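Values in this document were obtained by computation on a predicted structure and should not be read as measured data. Throughout, protein chains are lettered first and strands after them, A, B, ... in sequence-line order, and every chain is numbered starting at 1.
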Amino acid sequence: MTFLDKNNIDSNLLHIGNKLLSWYKKNARDLPFRQTKDPYKIWICEIVFQQTRINQGLNHYNNFIRRFPDVQTLAEAEENEVLLYWKGLGYYSRAINVHKAAQQVMNDYDGVFPSEYEEILKLKGVGKYTAAAITSICFDGKIPAVDGNFYRVLSRIFADDFDISNSRAFAYFSELATLILPENVGDFNQAMMDLGSEICKPKNPLCGECPLRENCLAYSLNKISEFPVKTKKVKSEDLHLKYYFVHRNGQFLVRQRKDDFIWKKLFEFPVVIPEELEAFSKEVKTINHKLTHKNLTIEISNVEVASEPAWNNFIAQNQYLITDFEASHEKSFPKPLENYIQNKNQK
DNA sequence: AACTCGGGGCG
DNA sequence: CGCCCAGAGTT
């Protein structure tokens, strides 16, 4: 049974939101973007931490802000440098979009970050969640920033079995959130995130420390583990990639990927080589790399080109980029290829 | 409305 | 080894 179907909604649920706020005042995590209302910094942090744990993205966020401290600096940067600062984070379209959006702010808003929800929503890579987060945190907007934490916390508080894999879940839990929405929505949104990640965790939640324990229906029913309900399971497919690490005198060949598949616009090694070079192929390394939706097997043939004419000929007939171990640090490679290069360099 | 896009950490 | 994470864009 979903809560909004129950027809017995307590008209005064606001004390739940306020209780959460008072907990947040004492227990807020000390994060680098908590001391500012600069919409640029809040925007960047919201993009960085989409589908990304705080611990995983914290260094990337700090390095990104240090290199691109404001919208104009980001807008004027080269896309490849933005991608470089996204290296290893995953979901690389975020980097491409955040760069384009910075140029949107410069061109369409005269370099001033928009303050209206509908305008912020127009920025590339900014969806309903992120627009709500920015407006509430920076501009006192009264919109709940519904994310995975909201799904989990609200479904437990109301013992609500609305399927979070349903495409209407965002609208449903947004409505549910408004029932407990206090005056300070910016802090409320951040409080839900802290509660969701520190207390109301997906597994083994710390209900003993939860400020909303007395208001939590799932807890009182001893059914915490049954919420949230998620029916749709993600399947992983097998994917096989074959690369040639073509090198000579410390130099090796790379090319940039397209933006239509995995690892958008990241760099990789040649995928095919002529038979003449195949003869130089030595050991083959097989790397198993796990992505969320794919079981990836990467086969990399080590090709040390012993013949200088063959090397020059191959370069002349293809559009590969020549790099070396030093310069490769200025390109963004997928994690497994990054590891492969580092391993080669140590030999 | 369903699919796709990374990588890390946890039980 | 499956699940989840400060979701958004595409089809």
Return the value, rounded to whole Å, for the distance between atom [atom1] of [X] and atom [atom2] of [N].
{"X": "A/N295", "N": "C/dG2", "atom1": "CG", "atom2": "P", "value": "8 Å"}
{"X": "A/F49", "N": "C/dG7", "atom1": "CZ", "atom2": "P", "value": "11 Å"}
{"X": "A/D260", "N": "C/dG9", "atom1": "CG", "atom2": "C1'", "value": "14 Å"}
{"X": "A/L123", "N": "C/dG7", "atom1": "CG", "atom2": "C1'", "value": "15 Å"}
{"X": "A/L291", "N": "C/dC5", "atom1": "CG", "atom2": "P", "value": "18 Å"}
{"X": "A/H293", "N": "C/dA8", "atom1": "NE2", "atom2": "C1'", "value": "13 Å"}
{"X": "A/K201", "N": "C/dC3", "atom1": "NZ", "atom2": "C1'", "value": "15 Å"}
{"X": "A/D259", "N": "B/dC5", "atom1": "CG", "atom2": "P", "value": "12 Å"}

Tell me what [X] touches on the nucleic acid: a base, only sugar-phosphate, or nothing, going by heavy atoms under 4.0 Å.
{"X": "A/N204", "result": "sugar-phosphate"}
{"X": "A/R34", "result": "base"}
{"X": "A/N149", "result": "sugar-phosphate"}
{"X": "A/T292", "result": "base"}
{"X": "A/V48", "result": "nothing"}
{"X": "A/F261", "result": "sugar-phosphate"}
{"X": "A/I47", "result": "nothing"}
{"X": "A/S236", "result": "nothing"}
{"X": "A/Y61", "result": "nothing"}
{"X": "A/G196", "result": "nothing"}

Would you say [N] has OP1 or OP2 under 4.0 Å from some side-chain N or O of [X]?
{"X": "A/T130", "N": "C/dA8", "value": "yes"}
{"X": "A/H289", "N": "B/dG7", "value": "yes"}
{"X": "A/R152", "N": "C/dC5", "value": "yes"}
{"X": "A/K294", "N": "B/dC5", "value": "yes"}
{"X": "A/W263", "N": "B/dG7", "value": "yes"}

| note | Of A/N166 and A/K264, the one whose nearest nucleotide on DNA chain B sits closer to the 5' end is A/N166
| message | Can you work out whether A/F333 or A/R168 has the more 5'-proximal nearest nucleotide on DNA chain B? | response | A/R168
Taking only the side-chain heavy atoms of [X] (C-beta and beyond), determine which of [options] contains the nearest atom.
{"X": "A/K230", "options": "C/dC4, C/dA6, B/dG6", "value": "C/dC4"}
{"X": "A/R53", "options": "B/dG6, C/dG7, C/dC4", "value": "C/dC4"}
{"X": "A/Q56", "options": "B/dG7, C/dG7, B/dC5", "value": "B/dG7"}
{"X": "A/K335", "options": "B/dG6, B/dG8, B/dC5", "value": "B/dG8"}
{"X": "A/K233", "options": "C/dA6, C/dC3, B/dA2", "value": "C/dC3"}
{"X": "A/I262", "options": "B/dC5, B/dG11, C/dA6", "value": "B/dC5"}
{"X": "A/Y92", "options": "B/dC5, B/dG6, C/dG7", "value": "B/dG6"}
{"X": "A/P202", "options": "C/dC5, C/dG9, B/dG11", "value": "C/dC5"}
{"X": "A/K290", "options": "B/dG7, C/dC3, B/dC5", "value": "C/dC3"}
{"X": "A/K203", "options": "C/dG7, B/dC5, C/dC3", "value": "C/dC3"}

| message | Are the side chains of A/Y109 and A/K122 in contact, using a 4.5 Å heavy-atom criterion? | response |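 Yes, close enough: below the 4.5 Å cut-off.
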| task | Would you check if A/I322 and A/L253 make a side-chain contact, meaning some heavy-atom pair closer than 4.5 Å? | result | yes
Between [M] and [N] - [atom1] atom distance, rounded Å:
{"N": "B/dC3", "M": "C/dA6", "atom1": "C1'", "answer": "22 Å"}
{"N": "C/dC5", "M": "B/dA1", "atom1": "C1'", "answer": "23 Å"}
{"N": "B/dG8", "M": "C/dA8", "atom1": "P", "answer": "22 Å"}

| Any cation-pi pair here, A/K128 with A/F170, using under 6.0 Å and within 45°? | yes
| message | Regarding A/D187 and A/N184, do their side chains bring together a donor and an acceptor under 3.5 Å, going by distance alone? | response |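 Looking only at side-chain atoms, A/N184 and A/D187 do form a donor-acceptor pair, the distance falling under 3.5 Å.
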| field | Check ion pair A/D140-A/K142 (N to O, under 4.0 angstrom) | value | yes
| task | Decide, yes or no, whether a salt bridge links A/E283 with A/K344 under the criterion of side-chain N to carboxylate O below 4.0 Å. | result |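 Counted as a salt bridge, because a side-chain N and a carboxylate O are separated by less than 4.0 Å.
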| said: So for atom CG, which belongs to A/D260, do other residues, nucleotides or ligands contribute more than 12 heavy atoms lying within a distance under 6.0 Å? | reply: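 Buried by this count: over 12 neighbours within 6.0 Å.
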| Should the pair A/Y61 and A/F49 be assigned to parallel (<30°), tilted (30 to 60°) or perpendicular (>60°) ring geometry? | tilted
